[in-house]
Every structure is written in C-alpha cells, then in structure tokens.
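So the structure is just underneath, and the comments pick up after that.
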Amino acid sequence: MTWVSACKLEDIEQEGAIRFDHGGRTYAVYRGPDDSVYCTAGLCTHEAVHLADGLVMDFEVECPKHSGVFDYRTGEAIRLPACENLKTYPAEVIDGEVRVALG
Ligand code: FES
C-alpha cells in the first residue's frame, strides 16, 4: 500500500467529492460534513460513471446516471440500481493535505 497526496482539503467542498486519477486508475475522494475524508473507487459499480460528478449528501454519494447511492465510508451500495459495493481505500488529512493509500 502506498500513500499518495491527492489534493488539499480545501480543494474539496464540505459534503463534496473530487475525482483523483493515479497510476492509470480513477478514484473519488470525499470530504464529509465533519471534514473527515474518504476514498473509493472512482467509477460506479453499475456502469462506469464517475461518482465524483454525483451528489454528495451527508456520508452518501448519489450516482449521477441512475441515482444509485453508496455510503462512501464503507463503499456499501444502499440504493438500487447500484448493488455491488465500491472498493474503499484509507484516507487521511495531514497539515491540510489529503493523502490516500492505494494499491
Ligand atoms: S451508473 Fe451508477 S447507478 Fe447506474
């Protein structure tokens, strides 16, 4: 597992997400309502749509295509048509910088 710098905390809105590409793969990095940060695979498990383009509310992200919903803390698919969970990755903030552990 390798920790990489994804962005600054201020680059992500509270209850927001950004797309982060690294090593030929795409991820979504989230900032929760309490400023905690999380990272998941970037593409919806239903079809390959970028979740960072979706709507973040509380600790959930709604897919922009068919409104499937995931809990981005655990990756759990909680509303159809999303039924396969998202892969999650550790994330942390150090000195205002968001780092994620990939691989
Ligand atoms: S592509 Fe995300 S719910 Fe269909």
Side-chain angles (χ1 to χ4, degrees):
M1 196 143 58
T2 312
W3 285 91
V4 296
S5 175
C7 60
K8 294 195 177 313
L9 181 63
E10 67 194 28
D11 294 336
I12 317 174
E13 284 178 23
Q14 237 179 9
E15 294 185 75
I18 62 160
R19 173 179 167 178
F20 174 61
D21 293 344
H22 183 79
R25 306 189 72 160
T26 189
Y27 304 89
V29 182
Y30 308 83
R31 177 175 172 181
D34 58 358
D35 286 342
S36 54
V37 291
Y38 301 87
C39 180
T40 69
L43 300 177
C44 183
T45 54
H46 182 234
E47 288 178 15
V49 171
H50 286 280
L51 288 170
D53 296 334
L55 184 64
V56 177
M57 290 168 297
D58 201 13
F59 291 104
E60 298 174 358
V61 58
E62 182 184 82
C63 175
K65 190 155 187 187
H66 306 116
S67 303
V69 174
F70 299 89
D71 183 327
Y72 58 77
R73 297 171 296 186
T74 61
E76 186 185 358
I78 53 179
R79 188 167 79 201
L80 294 172
C83 51
E84 188 183 329
N85 295 346
L86 283 173
K87 196 162 170 33
T88 60
Y89 303 87
E92 64 182 13
V93 181
I94 294 189
D95 293 336
E97 180 180 302
V98 179
R99 302 192 326 151
V100 295
L102 307 176

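Residue numbers count from 1 along this sequence. Atoms within each ligand, like the ligands themselves, are counted from 1 in listed order.
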Nearest 0.5 Å please: distance from the CD1 atom of Ile94 over to the OG atom of Ser5.
10.0 Å
When you check the space around atom 4 (Fe) of ligand 1, which protein N, O or S atoms turn up under 2.8 Å?
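Listed by chain and number: His46 ND1, His66 ND1.
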Tell me, yes or no, whether the heavy-atom count around Arg25 atom CZ, taken from other residues, nucleotides or ligands under 6.0 Å, exceeds 12.
no
Can you tell which of Thr40, Leu51, Asn85 makes a side chain to side chain contact (heavy atoms under 4.5 Å, CB included) with Phe70?
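In the set Thr40, Leu51, Asn85, the residue that makes a side chain to side chain contact (heavy atoms under 4.5 Å, CB included) with Phe70 is Leu51.
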For Glu47 and Lys65: C-alpha separation, side-chain torsions, deciding distance, then whether side chain to side chain contact (heavy atoms under 4.5 Å, CB included) applies.
CA-CA 8 Å; Glu47 288 178 15; Lys65 190 155 187 187; 2.8 Å; yes
Between Tyr27 and Tyr89, how do the two ring planes meet: parallel, tilted or perpendicular, split at 30° and 60°?
perpendicular
Looking only at side-chain N and O atoms, does Tyr38 offer a donor or acceptor that is under 3.5 Å from a partner on Thr88?
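On atom types as modelled, these side chains do not qualify, holding no pair under 3.5 Å.
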